[in-house]
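Take a look at the structure below.
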Amino acid sequence: MTQNTSAYTSSLLRLLSERGYIHQVTDAEGLDALAAKQIVPGYIGFDATAPSLHIGSLVQIMMLRRLQQTGHKPVVLMGGGTTRIGDPTGRDESRKMLSDQTIEDNIASIRQVFARLLTFGDGPTDAVMVNNHDWLGKLGYIELLQEVGTHFTVNRMLTFDSVKLRLDREQPMTFLEFNYMILQGYDFRHLALHSGVRLQMGGSDQWGNIVNGIELARRKDGQEVFGLTTPLLTTADGAKMGKTAAGAVWLNENALPAWDFWQYWRNVDDRDVGRFLRLFTDLPLDEIARLEALGGSEINAAKVVLANEVTKLVRGADAAAAAEATAAATFAGGGVGQDLPSLACPDGSIALVDALIGLGFAASRGEAKRLIAGGGARVEGQAITDEAHVIMLDAADVRISSGKKKHGVLRPA
RNA sequence: GGACAGGUGGCCGAGUGGUUAAAGGCAGCAGACUGUAAAUCUGCCCGCGCAAGCGUACGCUAGUUCGAAUCUAGCCCUGUCCA
């Protein structure tokens, strides 16, 4: 779906299109015209199932940022109400329910990240955060059926991918989950009616849900609203973004240290560098084109830029600088950096096995031993293959490594 | 409520009484090669233990058996069809 950029007159669609955010738009010309003449309030919904979003949501967050950058108004919709139901999209099993308190806590925690990337306030293009529990929670069942239920046919609902997937796999889909798309449609209509929102954006898997909302707004209120989706973001080797060995790449600092966050971007596949720079940084396009063109091992310089820029946006400039310095000291200098995970060793000695576990490089003693036996454990850069090895510490820090990328420090307290 | 089919390690998926801590694949970890990349090849991949070994594990519970993931009964859960 790559429209030619020059066809757009609004800076919003031009920017989104140039940087690779657009997969589908319901009415590109209509939206373009609207964005060219007025402030378009646009929203994206986010789940509140965890205390932090991960980088799978970063495209959406960045899209809200682009919206604001081009003079429009971002609306962050927290799914306080819909999280109580659970989005069946992309899931082949039901998800367990969360308590109200957990959901509220999650929303508060997630909010911190948005505050870094968007400017909140009361001005016409300031971002606002809303919670759909505020209106969904008030809806009675009968009321919901009357208001919304009459505009959805089961025939149509059954054709949605999220539903078909379950049915095809002969997995259960509860009636509760089946209602998710109705509520999401209701959100759009509600925001269009009460907050002047004209655009919903989201991942390509949200297309169906978005279209539902558009139809609902049109049928109930005669309101014309628009939808836009981003391409499904996978890494060059086809994996969904945001999952790594250790788990998800969380946006919140307390869920994932800045060092690990920075490292994720530093280790991105060569083929992803340009695309990620466009999506996840504010660097100008010609600068990105230059970085992307770097060949061979020079592309590593571009990866450092990517890691720095993204970390700066999400975690702050200090975090980015510290991570870069640590990387330089650790990988180029063969020393240790401040940001590496560390373990205090007050006793003056520690078994290598315990050090590996303490630093989080191994989950059990057996795993640590296997790592050592396989030649993957290093002390001060020297591979140690003796499982019973004990490290003696004097005054200085000792550098422990698992493989080539994971490094940590033992501090003699 | 009835009939039938199922519930195996992070995921997929073999396995119908002992040689099964459970084939194979994916994911993951490490080694080699490199550029903290990809691809490829090699090793590892439940826990404790130096080890012999021990402990857990095939939906849950109770049985049959010298011995069960495999057989029996009850229960829970899921799917398909019927009411």
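Each chain gets a letter, A, B and so on, in the order the sequences are listed, and its residues count up from 1.
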Partner lookup for [N], please. Criteria are Watson-Crick or G-U wobble with both distances under 3.5 angstrom; report none if nothing qualifies.
| N | answer |
| --- | --- |
| B:rC33 | none |
| B:rC66 | B:rG18 |
| B:rG28 | B:rC44 |
| B:rU80 | B:rA3 |
| B:rG9 | none |

How close or far is atom [atom2] of [N] from atom [atom1] of [X], stated in whole angstroms?
| X | N | atom1 | atom2 | answer |
| --- | --- | --- | --- | --- |
| A:Phe276 | B:rA37 | CZ | P | 16 Å |
| A:Asn300 | B:rA38 | CG | P | 11 Å |
| A:Asp272 | B:rG35 | CG | P | 21 Å |
| A:Phe361 | B:rC45 | CZ | P | 21 Å |
| A:Arg271 | B:rG35 | CZ | P | 18 Å |
| A:Leu356 | B:rC29 | CG | C1' | 12 Å |
| A:Asp270 | B:rU36 | CG | C1' | 11 Å |
| A:Gln263 | B:rA37 | CD | C1' | 13 Å |

Just checking A:Asp269: base, sugar-phosphate only, or nothing, at a heavy-atom cut-off of under 4.0 Å?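 Counting heavy atoms under 4.0 Å across all strands, the contact made by A:Asp269 is with sugar-phosphate only.
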Under 4.0 Å between any heavy atoms, over every strand shown, what does A:Ala373 touch: base, sugar-phosphate, or nothing? Just pick one.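 Here A:Ala373 touches no strand at all.
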What's the gap between [N] and [M] when it is taken at their [atom1] atoms, as a whole Å value?
| N | M | atom1 | value |
| --- | --- | --- | --- |
| B:rU8 | B:rA68 | C1' | 14 Å |
| B:rA21 | B:rC45 | C1' | 12 Å |
| B:rC77 | B:rA38 | P | 46 Å |
| B:rG24 | B:rA14 | C1' | 7 Å |
| B:rU40 | B:rC54 | C1' | 40 Å |
| B:rU56 | B:rA62 | P | 14 Å |
| B:rG59 | B:rG10 | P | 13 Å |
| B:rU34 | B:rA39 | C1' | 11 Å |

Can A:Arg66 be said to sit on top of A:Tyr21's aromatic six-ring, NZ or CZ under 6.0 Å from centre and within 45° of the ring axis?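 Because its charged atom misses either the 6.0 Å distance or the 45° angle limit, A:Arg66 does not stack over A:Tyr21.
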Under the 6.0 Å and 45° cation-pi test, does A:Arg266 pair with A:Phe331?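 Cation-pi check for A:Arg266 and A:Phe331: fails.
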Where each residue is assigned the nucleotide of RNA chain B containing its nearest heavy atom, which of A:Leu371 and A:Ala327 is assigned the position nearer the 5′ end?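 The residue mapped nearer the 5' terminus is A:Leu371.
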Do nucleotides 46-52 of chain B as a string where each nucleotide becomes B, S or -: B if the base has a protein heavy atom under 4.0 Å, S if just the sugar-phosphate does, - if no protein is that close. -SSSS--
A:Leu183/A:Leu144 under side chain to side chain contact (heavy atoms under 4.5 Å, CB included): CA gap, chis, key distance, verdict: CA-CA 9 Å; A:Leu183 295 179; A:Leu144 174 75; 3.8 Å; yes
Partner set under side chain to side chain contact (heavy atoms under 4.5 Å, CB included) for A:Thr102, not counting sequence neighbours: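 So A:Thr102 forms a side chain to side chain contact (heavy atoms under 4.5 Å, CB included) with A:Leu98, A:Ser99, A:Asn106.
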Going by the rule side chain to side chain contact (heavy atoms under 4.5 Å, CB included), which residues pair with A:Ser11 if we only count those two or more places apart in sequence or in a different chain?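 Partners of A:Ser11 by the side chain to side chain contact (heavy atoms under 4.5 Å, CB included) criterion, ordered by chain and then number, come out as A:Thr70.
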Report the residue from A:Glu147, A:His190, A:Arg189 that forms a side chain to side chain contact (heavy atoms under 4.5 Å, CB included) with A:Leu216.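 Running side chain to side chain contact (heavy atoms under 4.5 Å, CB included) over A:Glu147, A:His190, A:Arg189 with A:Leu216 returns exactly one hit, A:Arg189.
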Once salt bridge (charged side-chain N to carboxylate O under 4.0 Å, His left out) is applied, do any residues pair with A:Arg411, and if so which ones, sequence neighbours excluded?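 Testing A:Arg411 for salt bridge (charged side-chain N to carboxylate O under 4.0 Å, His left out), a comparison that skips the adjacent residues, returns A:Asp397.
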I want to check something: taking the side chain as every heavy atom from C-beta on, are A:Gln60 and A:Met201 in contact at a cut-off of under 4.5 Å?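 A side-chain contact under 4.5 Å is absent here.
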Considering only B:rU36, B:rA38, B:rG35, which nucleotide approaches the side chain of A:Lys303 most closely?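 So the nucleotide nearest the side chain must be B:rG35.
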Using a 3.5 Å distance criterion without hydrogens, assess whether the side chain of A:Asn300 forms a donor-acceptor pair with backbone atoms of A:Ser297.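 Such a contact is found between A:Asn300 side chain and A:Ser297 backbone.
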Would you confirm whether A:Lys369, through its side chain, and A:Val353, through its main-chain N or O, come within 3.5 Å as a donor-acceptor pair?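 Absent.
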For RNA chain B, the residues among residues 396-406 of chain A that have a non-hydrogen atom under 4.0 Å from it: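 Residues of residues 396-406 of chain A under 4.0 Å from RNA chain B: A:Ser402, A:Gly403, A:Lys404, A:Lys405, A:Lys406.
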Side chain to side chain donor-acceptor pair (under 3.5 Å) partners of A:Glu309, counting only residues at least two apart: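 Here the qualifying residues are A:Lys312.
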